[in-house]
Amino acid sequence: MKLDSKIPDGPMAEKWTNHKFNVKLVNPSNKRKHSVIVVGTGLAGASAAATMAELGYVVEAFTYSDSPRRAHSIAAQGGINAAKNYPNDGDSVFRLFHDTVKGGDFRSREANVYRLAEVSNQIIDHCVAQGIPFAREYGGYLDNRSFGGAQVSRTFYARGQTGQQLLIGAYGALSKEIKKGGVTMHVRSEVLDVVVIDGQARGIISRNLVTGELTRHVADAVVLATGGYGNVYFLSTNAMACNASAAWRAYKKGAAFANPCYTQIHPTCIPMHGEYQSKLTLMSESLRNDGRIWVPKAKGDNRPANDIPEEERDYYLERKYPSFGNLVPRDLASRNAKQVCDEGRGVGSTGNAVYLDFADAIKRLGKDVIESKYGNLFEMYERITDEDPYTTPMRIFPAVHYTMGGLWVDYNLMTSVPGLYALGEVNFSDHGANRLGASALMQGLADGYFVLPNTINDYLASAEIPKVGTDHAAFAEAEAEAQGKLDKLLAVNGSRTVDDFHRELGQLLWENCGMGRNAKALKEALEKIPQIREAFWKDVNVLGSAADLNQALEKANRVADFMEFAELMVKDALDRAESCGGHFREESQTDEGEALRNDDEFAYVAAWEFQGLENEPLLHKEELVFEEVKLSQRSYK
Amino acid sequence: MAEKINVTLKVWRQNQGEEGEFKIYQAQDIDTEASFLEMMDIVNEGLTLSGIEPIAFEDDCREGICGCCGAVVNGKTHGSHERTTLCQLHMRKFKNNDQIVIEPFRAKPFQVLKDLIVDRSGLDAIICEGGYVDVKTGNAPEAATTPIKRALAEASMDAAQCIGCGACVAACPNGSAMLFTAAKVSQYALLPQGHPERAQRATNMVNKMDELGFGNCSNEYECAVACPKGIDVKNIARLNREFIKASLMSEK
């Protein structure tokens with residue numbers, strides 16, 4: 001495999017414009033002769049499917065949910081970034097680009113990030129035209145707020161439900177095309193494999209989750225927009241069914257997997273409370289606009305928060321990072337929270353929490369203002385914890401939230417398998433080793449509305465795509481393999497549930513490949529993962545049949561893939577013996593305990609190529625070249 | 001504070017194409033800090049290990065926003081905690097030895113697929129008839145071109161919060177989807193972007209709702225009580241106005 005990032009020549013600011021001119025086009029009447037499969041209908045998938053259908057391509061879209069509107073993009077709370085500079089505070093495309101490259105700790109590809117910043121403004125224009133009710137000022141103009149890692153206010157929002165509103169916009173666009181016949185929608189359909197014929201992605205095997213029937217679908221290109229792999233940790237802020245299976249199947253069919261060790265631990269989540277816990281809930285980063293993070297100065301101070309006097313509180317982010325304060329990037333906020341808890345200054349019943357306090361903001365702005373900005377988040381917090389954040393500080397702790405790693409893609413968003421594309425969180429391209437807040441929505445919509453619809457044409461117009469049918473042997477083979485795996489899971493008939501195994505794997509990863517990583521713990525995880533996987537295949541208990549609605553079987557099939565994927569993630573974490581962004585190797589830190597990069601040895605994208613399960617994957621390195629943003633130790637002080 | 005309780009579940013179990021029935025299961029040692037669905041997880045783990053297929057129920061985000069979850073708990077859609085989805089209902093709302101009756105959302109267009117899972121695709125079909133602004137990617141003018149009164153944007157957002165869970169339909173004695181449809185029609189009726197298509201939007205969405213067998217609205221307002229997002233019945237009045245205006249001023 002030879003990786004070619006296909007970064008266009010020319011000055012950074014002109015690359016995208018020039019590229020759109022230089023790629024091959026498919027003329028309007030020929031577009032209907034091309035078919036595209038889109039897997040996943042979150043922000044990236046729904047926007048891509050709708051836009052390609054508007055252009056005239058024949059689109060088939062797939063989601064495991066009962067409706068495209070359920071995708072987990074819906075849970076994004078705080079907002080979406082754009083370089084509009086409406087607040088007149090010095091923002092620009094270049095600054096958004098610069099902040100994103102720096103925020104990602106210099107491990108992303110400059111050209112992709114620049115393009116992201118460049119199209120960000122078009123996204124806002126489009127979403128406003130779609131009737132998304134963004135927050136507005138009294139004069140009727142759009143309001144902005146601040147997010148971590150930036151010193152400008154560039155985040156557009158719809159209360160604490162920005163992801164919901166943007167997804168419903170994209171779902172509306174998709175519904176419009178379903179109605180017009182441009183998109184054939186398959187709901188309750190889970191993709192079990194990608195079919196590759198003569199080196200090209202040509203289709204998928206899908207399972208109807210109601211009847212269990214496997215179906216074959218052929219197309220000229222396949223687009224994966226299937227989200228991240230955070231659920232490999234069992235507990236994360238992801239939705240219950242989020243999974244890595246489609247990406248993992250693609251990897252096993254030849255798509256390189258890039259930087260799997262880059263996982264984002266989000267600093268502000270509701271802390272864990274029990275063994276039975278099924279997921280963790282995020283409290284939006286936007287809360288750090290007005291909330292102040294603190295712990296008691298003294299160890300083991302277990303007085304109620306409101307009884308601790310001001311002078312005995314340590315607002316540690318404001319103290320350590322005076323210029324960014326509570327709005328440092330996520331990786332820093334998380335590591336600092338862990339540090340104060342490790343020192344014994346954590347709060348709550350487990351000692352694994354810090355306070356996020358709104359008392360000052362309520363005093364300054366009034367309860368009404370805070371309620372109008374964050375009302376639904378406060379309500380969610382109250383529902384879960386039975387505590388009132390208007391009167392008692394929130395207790396928060398970091399949790400697995402987002403995965404920056406993903407399928408390797410070139411500038412066109414094509415993976416290393418021709419005809420196979422990856423959009424949104426499932427690709428690796430824009431966030432480096434740490435994603436800034438309010439940038440996931442931006443990337444998903446950039447990829448789907450504006451990037452892919454302008455790059456996929458290059459492949460469709462220039463590649464030799466022979467006519468094949470679903471009777472091709474490759475389809476039969478993939479289907480038989482998928483069916484075989486389901487049958488095998490049902491046949492084990494062991495003594496432990498799927499969740500039981502998943503929890504075991506997740507705990508191991510959280511301990512050994514979580515917020516702090518070191519070679520010894522990673523090596524230990526590499527020994528244990530195959531043991532858990534082996535035990536899973538010997539002792540898992542899945543009841544029922546494959547020819548029925550069977551949720552345990554669906555889950556088992558996803559967990560089986562996590563059991564394999566986890567090993568690659570840990571391997572990558574071990575291989576990258578530097579700290580960068582969310583990947584904190586304890587052996588590599590500054591005197592002040594900050595992540596210490598090693599640019600001489602590690603300024604590359606680690607793209608792994610599958611060599612069979614029993615063999616070591618092959619590492620390919622895409623060197624990262626920084627022309628515009630100078631490589632430097634990140635500082636938010 | 002957290003304590004452990006035991007509850008008895010009376011759960012509707014049904015396979016596709018078969019008659020359903022209630023089954024009784026015990027949920028033991030449930031932490032009151034657990035969510036309702038976490039309690040269901042614990043019960044399902046136990047059932048699995050005793051060779052009984054787990055209870056099928058739909059959920060995903062468990063944050064009250066995706067709209068997947070929903071069941072009728074002790075006669076109430078999403079349970080008795082107002083403005084709360086089932087996934088955000090917590091066991092602290094129950095007492096030791098309570099009996100909890102759990103049934104699927106029932107309405108004529110919501111066919112049971114398995115146990116507590118119903119087919120709500122009718123709601124998507126209604127959206128397909130006009131629950132959007134017909135704007136192609138690339139058409140949009142600069143976002144700041146049209147100022148929109150803050151109060152209108154806020155009212156539109158109030159309506160746009162609908163999560164499409166279908167509780168309003170299940171709570172309505174007529175199985176009407178008026179609140180659902182009204183929320184979407186209102187979101188766009190309140191904003192200038194929605195105006196060019198407002199007449200056909202109201203007409204087509206209401207017609208689709210009728211065609212799919214959703215019932216008529218007889219102002220029972222059960223929907224608004226059931227709605228976990230607090231969608232206001234005022235939206236139904238607005239939908240009625242939009243619909244009547246559309247039929248009076250038909251452009252076709």
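Every chain is numbered from 1, with letters handed out A, B, ... down the list of sequences. The model shown is predicted, which means the values in this text are computed figures rather than measured ones.
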Please name the pair of heavy atoms, one in [X] and one in [Y], separated by the smallest distance, quoted to 0.1 Å.
X	Y	result
B:Ile127	A:Ser175	CG2-OG, 3.7 Å
A:Asp548	B:Gln16	OD1-NE2, 3.3 Å
A:Gln161	B:Gln161	NE2-OE1, 2.7 Å
B:Val133	A:Ala129	CG1-O, 3.5 Å
B:Pro54	A:Leu543	CD-CD1, 4.5 Å
A:Tyr171	B:Asp124	OH-OD1, 2.5 Å

(request) Inspect the contact between B:Glu58 and A:Arg188 and indicate whether a charged nitrogen and a carboxylate oxygen are less than 4.0 angstrom apart. (result) yes
(request) Before accepting this row, confirm whether a basic side-chain N of the pair B:Glu63/A:Lys279 lies closer than 4.0 Å to the acidic partner's carboxylate O. (result) yes
Output the option from [options] having the highest count of non-hydrogen pairs under 4.5 Å with chain B.
options	result
A:Asp500, A:Asn376, A:Asp499, A:Ile178	A:Asp499
A:Gly169, A:Ala552, A:Gly274, A:Pro133	A:Pro133
A:Asn541, A:Asp386, A:Leu174, A:Leu167	A:Asp386
A:Gln122, A:Glu177, A:Met380, A:Met185	A:Met380
A:Ala71, A:Ala241, A:Ser372	A:Ala241
A:Tyr64, A:Phe134, A:Phe156	A:Tyr64

Answer with side chain, backbone, both or neither: which region of [X] has an atom nearer than 4.5 Å to a non-hydrogen atom of chain B?
X	value
A:Glu387	neither
A:Leu549	both
A:Ser73	neither
A:Leu280	backbone
A:Ser495	backbone

Validation row: [X], [Y] side chains within 4.5 angstrom (heavy atoms):
X	Y	result
A:Lys180	B:Asp134	yes
A:His72	B:Cys61	yes
A:Gln130	B:Gln193	no
B:His81	A:Arg383	yes
A:Glu379	B:Gln88	no
B:Lys184	A:Ile168	yes
B:Leu49	A:Thr497	yes
A:Tyr276	B:Glu45	no

Treating [X] as the side-chain partner and [Y] as the backbone partner, does any N or O pair qualify as donor plus acceptor under 3.5 Å?
X	Y	answer
B:Gln187	A:Ile132	no
A:Arg159	B:Glu154	yes
A:Arg70	B:Gly67	yes
A:Glu54	B:Thr137	yes
A:Asp125	B:Ala143	yes

Rounded at 0.5 Å granularity, tell me how far [atom1] in [X] sits from [atom2] in [Y].
X	Y	atom1	atom2	answer
A:Met240	B:Cys69	CE	SG	11.5 Å
A:Asp66	B:Ser121	CG	OG	8.0 Å
B:Asn139	A:His126	CG	NE2	8.0 Å
A:Thr385	B:Glu33	OG1	CD	8.5 Å

For each of [options], tally heavy-atom pairs with chain A at distances under 4.5 Å, and name the one with the top tally.
options	value
B:Cys66, B:Gly51, B:Gly138, B:Gly64	B:Cys66
B:Arg83, B:Met39, B:Lys149	B:Arg83
B:Lys229, B:Arg120, B:Glu53, B:Met157	B:Met157
B:Asp59, B:Ile52, B:Thr48	B:Thr48
B:Ser156, B:Ala125, B:Ala144	B:Ala144

Residue [X] excluded, over 12 heavy atoms near [atom1] under 6.0 Å:
X	atom1	result
B:Lys23	NZ	no
B:Lys93	NZ	no
A:Glu275	CD	no

(request) Please state whether the side chain, the backbone, both or neither of B:Glu142 comes within less than 4.5 Å of a heavy atom of chain A. (result) both
(request) Quick one: list whatever passes side-chain hydrogen bond (donor to acceptor under 3.5 Å, both in side chains) with A:Tyr57, sequence neighbours left out. (result) none
(request) Could you verify whether a donor N or O on one side chain and an acceptor N or O on the other, from A:Thr281 and B:Arg62, lie under 3.5 Å apart? (result) no
Hey, can you pull the donor-acceptor pairs under 3.5 Å for the side chains in residues 135-143 of chain A, sequence neighbours left out?
from	atom 1	to	atom 2	distance (Å)
A:Arg136	NH1	A:Gly140	O	2.8
A:Tyr138	OH	B:Arg150	NH1	3.1
A:Asp143	OD2	A:Tyr157	OH	2.6

